[in-house]
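Both counts, for ligands and for their atoms, begin at 1 and track the order of listing. Everything numeric in this text was worked out from a predicted model, so none of it was measured. Values below: all heavy atoms of this structure, side chains included; hydrogens, waters and symmetry mates excluded.
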Amino acid sequence: MSLKGKKILLGITGGIAAYKCCELVRLFKKNGAEVRVVMTPSAINFVSPVTLSALSGNEVMVNMFPEVDPGKSPTVETKTWHVYTGLWADIFVIAPATANTISKMVNGISDNFLTATVLSARCPVVVSPAMDEDMYLNEVTASNVAKLKEFGYWVIEPETGELASGLNGIGRMPETQTIFNYTAELLNGSKRDLEGKKVLITAGPTYEPIDEVRYIGNYSSGKMGFSLAHAASLRGAEVILISGPVALKTPRNVTRVDVTTAGEMFEAVKANVAGNDFVIMSAAVADYKPKSVYEGKIKKSETEALSIETERTTDILEYLGINKKDFKLVGFALESTNEIEYAKDKIVKKNLDMIVVNNPRVEGAGFGTDTNVITIINSAMKISSFARMSKFDAANVIINNMLGL
Ligand code: CTP
């Protein structure tokens, strides 16, 4: 794959896999890229900057403040070189990325040239974590890697095999060809496979008022829908996210419309549905609402039980299925029994192109969790089941399947 004219910044941190970087620089150069290398001070214990500068044809940057002649004041460029380096790059590939550097990255620490450049870079940043299995599986590292993805870094998952410690397990940096391919795909746009597409996503619960201070709601946190919006936006889509009441930050570049009730969500969907390529109904919309809303606050009675009469809300998904124009329609189903059969029925009844099923009784699935266990069924009734993964990874799996529709 040609990388002619592309500017690649390679960041090397202090891990044994750093030796593979010499080959990686050669591969980038051989395919036409211009390469600059930045290293953390500990990385130079594993591979020499002299080798990397010879291979890249550029000086390797390690120190935050390059030496200047005594008596000469450093230029603005010298003092802010990390900013210029960050702006120069079309892509920044950090391989290997140690647990330490990953931890600094998710906390905004910029105490060396490489981490300062990370904060300045406007280009996509690819991170290839590589470390011993115990370090990788440590809860803190696992949560930092999940945060990297949430912040929008592109993470190349490490592989399983023999590690520097002599132990076997997960944590190996993939072969240089794998990192090369990933970088080349990203540079050539194939990871932005939703560029030019419009996606409408609903998320979160709805609240149906009983009186002025009470409502009927559900435990949906909105995390799955927000992850979908984030992933779709990173992949280049123009995203409108219609959200019920949730405590989540709007993902970057996503247009958010806040609603409270099922009725408001229905109106917001109708107002925004035109022109979309995909509509994903991941919101947990109330099926029933109180028939009338009590004015003021209902007083308790010492003698009588309280009954609230309810009526059906509009099934937004069904409405969209009936009125489907040029978009693909993706529904969600949260079922605790016979989930596949019920989900298949919904595909037909609601005219869906795809349904994402999860069972709240399965550990790591459903409302409020950071992970999900999903099964995807398309309109040809092809069933694909997936193991537990983060909601962000699940979002990407859903998008991959959606693109195949
Ligand atoms: N949904 C909707 N409008 C509603 C209720 C649900 O658009 N008023 C959508 C949800 O966003 C989800 C799908 O319908 O995509 C599935 O909702 P679910 O509650 O699992 O199923 P229901 O169709 O409500 O069926 P049942 O009550 O039988 O579980």
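Taking the side chain as every heavy atom from C-beta outward, Glu311 and Lys289 approach each other to under 4.5 Å.
Nearest heavy-atom pair across Leu10 and Ala95 is CD1-O, 4.3 Å.
Seen from the ring of Phe266, Lys270 counts as a face-on cation partner, given the 6.0 Å and 45° thresholds.
Remark: Phe327 CZ is packed, more than 12 non-hydrogen atoms of other residues, nucleotides or ligands lying under 6.0 Å away.
Ring geometry, Phe28 versus Phe180: the interplanar angle falls from 30° to 60°, so the pair is classed tilted.
Between the CD1 atom in Ile102 and the OH atom in Tyr136 there is a gap of 8.0 Å [rounded to 0.5 Å].
A distance limit of 4.0 angstrom between heavy atoms and ligand 1 selects the residues Met281, Ala283, Val285, Ala286, Asp287, Thr313, Thr314, Asp315, Ile316, Leu317, Gly331, Phe332, Ala333, Leu334, Lys346, Lys350.
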